[in-house]
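Below is one structure, written out as structure tokens, with a few remarks after it.
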Amino acid sequence: MFALIDCNNFFVSCERLFLPALREKPVVVLSNNDGCVISRSNEAKAIGVPMGAPMFEIRDLLKREKVHSFSSNFQLYGDISNRVMQILQRFSPEVDVYSVDEAFLDLSGTPDGKFEEVGEDIRRTVLQWTGIPVSVGIAPSRTLAKLAAGISKKQGKTFLLIEEETLREVRRRTPVEDIWGIGRKLSASLRMAGIGTAEELANTNETWIRQKYNVMMQRKVLELRGIPCESGEHESSGKNAIMASRSFGTPLTKLEDVQEAVTSYTARASRKLREQQSVARVVSVYIQTNRHNPRERYYANYQMVELPSYTDDTAEIARFAREAMKKIFVPGLRYKKCGVTLMDFAPAGNFQQSLLDDAETVLKRQRQHQLMLVVDKMNRKLGGDTLKFGGEGIAQKWTAKSEHCSPRYTTRWKDIPLVN
DNA sequence: TCTGGGGTCCTAGGACCC
DNA sequence: TCTGGGGTCCTAGGACCC
């Protein structure tokens, strides 16, 4: 049996923790660059603020309805998320953190008949210890647990999707679009084939669906019947790719400015790489102009580079990343966004050295590695950007807009709230 | 004027091997 | 005239997720 724990309107809920006056008020959290809406309170949903709505389209609506909007504060959300996930560990030895606001729990140790009790215990404990309201869905497969959590969110209590009767009823009421893993394309295709509900999908012939689609769809069918097929392991061995990308606050036209951003994003990606104790052999950079502006030519390109050796050294990776960017940068365009991706990982401290490295190079690499560890340590202790690379620039005119960001209440000493 | 960021998994098809 | 069969590995790209 699986439980899916889902934090309700997570980013908004995080913001409300420290401003209780905003409870029952319409609140939204904006994406990076204050570009569009990525989290909405129930009140904001009721007013009709769509998910993903671009700011410039709904600015008037937000103002008229007195909606409180926040720039995204991922340090805060990340920290609150960790606290929630830690609490969940008490309820199961197998916690699969699926995203910042969701986790699957393996409840096979829980006796039948106790599921509802456990679910309510989870909801109560998380709310009391962190202030975050969560939904809990319990079912024999992950796909069904997702469906159950959706119902839990509406009902405000744990929802069990276990009994045959309930199962059939819920599946009948669930359009294929609402099934986890069935997106726009697949649902359109299923509807063409005359399959419109979860119940209909669950009742299709297994081999037929496998032939017409693929194993994923076959697994979906089984999962909907209550036979678990999706595997967990989302946090076990670190990521297979690490990406850092941002839209620029204003369009950039000069290579030097883009290079600053590339260096800065490389620093961020490399830090994550070291955190998960990996080294990378491939770095890829990309750049693009504004996709939505019909009056300007849209240009997007990327370049992948193999590094001379596995490494986690920001300086070395940045050198290659900047070189790669030079190759795809076309002068005369207004760039909107760029990004850096690290790929092809090996565990740090246990990887193939390059044949070409002589003793001196190996020593140099080790010293560089030590240096990076010190940089990371200082930045952890004294705050994000205490030590930066010169290449990241000082003025950084490309940094994203963030006009309504709340304090880092829980991760920066000077932002910790005072109680009078 | 203004539209996020960071991931995963799967498949098809090409290169290559014996 | 007639030109096999069975693999592996890699990559690009699509679809999906939150």
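Below, chain A is the first sequence line, B the second, and so on; all start at residue 1.
- Going from atom OH of A:Tyr213 over to atom C1' of C:dA15 covers 13 Å, rounded to whole Å.
- Looking at heavy-atom distances under 4.0 Å, A:Val100 makes no contact with the nucleic acid at all.
- At a threshold of 4.0 angstrom between heavy atoms, the contacts of A:Glu57 with the nucleic acid are absent.
- Among the atoms of the strands shown, none is found under 4.0 Å from any heavy atom of A:Leu30.
- Comparing C:dC18, C:dC16, B:dT3 by their nearest atom to the side chain of A:Leu186 picks out C:dC16.
- Counting non-hydrogen atoms under 4.0 angstrom, A:Asn33 reaches nothing in the nucleic acid.
- What separates CD of A:Glu223 from P of C:dC17 is a distance of 14 Å, to the nearest Å.
- Taking each heavy atom of A:Phe345 and A:Asn240 in turn, the nearest pair found is CE1-C, 3.6 Å.
- Ranked by how close their nearest DNA chain B nucleotide is to the 5' end, A:Met216 and A:Cys36 are led by A:Cys36.
- Among B:dG5, B:dC2, B:dG7, the nucleotide with an atom closest to any side-chain atom of A:Ser247 is B:dG5.
- An OP1 or OP2 oxygen of C:dC18 is reached within less than 4.0 angstrom by a side-chain nitrogen or oxygen of A:Lys146.
- You'll find the side chain of A:Leu4 stays beyond 4.5 Å of the side chain of A:Val136, heavy atoms only.
- Following rounding to the nearest Å, A:Leu147 (CG) and C:dC17 (C1') show an atom-to-atom distance of 15 Å.
- Nucleic acid contact class of A:Ile179 (heavy atoms, under 4.0 Å, all strands): sugar-phosphate only.
- Atom-to-atom, CZ of A:Arg219 to P of B:dT8 comes out at 16 Å; the value is rounded to the nearest Å.
- Taking atom CG on A:Asn214 and atom C1' on C:dA15, their separation rounds to 10 Å, with Å as the unit.
- Side chain of A:Phe56, nearest nucleotide from B:dC2, C:dA12, B:dG5: B:dC2.
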Verdict with supporting geometry, A:Glu296 and A:Arg334, salt bridge (charged side-chain N to carboxylate O under 4.0 Å, His left out): CA-CA 9 Å; A:Glu296 279 178 46; A:Arg334 288 154 42 86; 2.9 Å; yes

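- Atom pair A:Asp96:CG and B:dT8:P shows a separation of 13 Å (rounding to whole Å applied).
- Ranked by how close their nearest DNA chain B nucleotide is to the 5' end, A:Gly35 and A:Ser245 are led by A:Gly35.
- Residue A:Asp34 is out of contact with every strand shown, counting any heavy-atom pair closer than 4.0 Å.
- Residue A:Arg291 is classed as having no contact, given no heavy-atom separation below 4.0 Å to the nucleic acid.
- Look at OH on A:Tyr77: it is 16 Å from P on B:dG4, rounded to the nearest Å.
- Atoms CE and CG, from A:Met372 and A:Leu387 in turn, are 9.5 Å apart once rounded to the nearest 0.5 Å.
- Separating the P atom of B:dT3 from that of C:dC18 is a span of 24 Å, rounded to the nearest Å.
- Nearest to the side chain of A:Lys336, among B:dC10, B:dT8, B:dT3, sits B:dT3.
- Computed from coordinates, the A:Met243 CE to B:dG4 C1' distance equals 12 Å when rounded to whole Å.
- For A:Arg184, the listed nucleotide lying nearest its side chain is C:dC16; candidates were C:dC18, C:dC16, B:dG7.
- Summarising the local packing, CD of A:Glu24 is surrounded by 12 or fewer heavy atoms from other residues, nucleotides or ligands at distances under 6.0 Å.
- With B:dG7, C:dC18, C:dG13 as the choices, the nucleotide that has an atom nearest any side-chain atom of A:Lys272 turns out to be B:dG7.
- Contact annotation: A:Lys401 side-chain N/O to B:dC2 OP1/OP2 distance is not under 4.0 Å.
- Neither side chain, A:Thr311 nor A:Asp313, offers a donor N or O lying under 3.5 Å from an acceptor on the other.
- Contact check for A:Lys45 versus A:Met51: no side-chain heavy atoms found under the 4.5 Å cut-off.
- Of the candidates B:dT8, C:dC18, B:dC2, B:dT8 carries the atom nearest the A:Asn240 side chain, counting heavy atoms from C-beta on.
- Closest contact between the side chain of A:Tyr302 and the listed nucleotides B:dG4, B:dG7, C:dG13 involves C:dG13.
- The nucleotide C:dC17 finds its pairing partner in B:dG6, both defining distances of the Watson-Crick or G-U wobble pair being shorter than 3.5 Å.
- Here the side chain of A:Arg295 is nearest to one of C:dA15, C:dC18, B:dT1, namely B:dT1.
- Backbone-only contact: A:Ala244 has heavy atoms under 4.0 Å from sugar-phosphate atoms and none from a base.
- The phosphate of C:dA15 (OP1 or OP2) has a side-chain N or O of A:Lys185 nearer than 4.0 angstrom.
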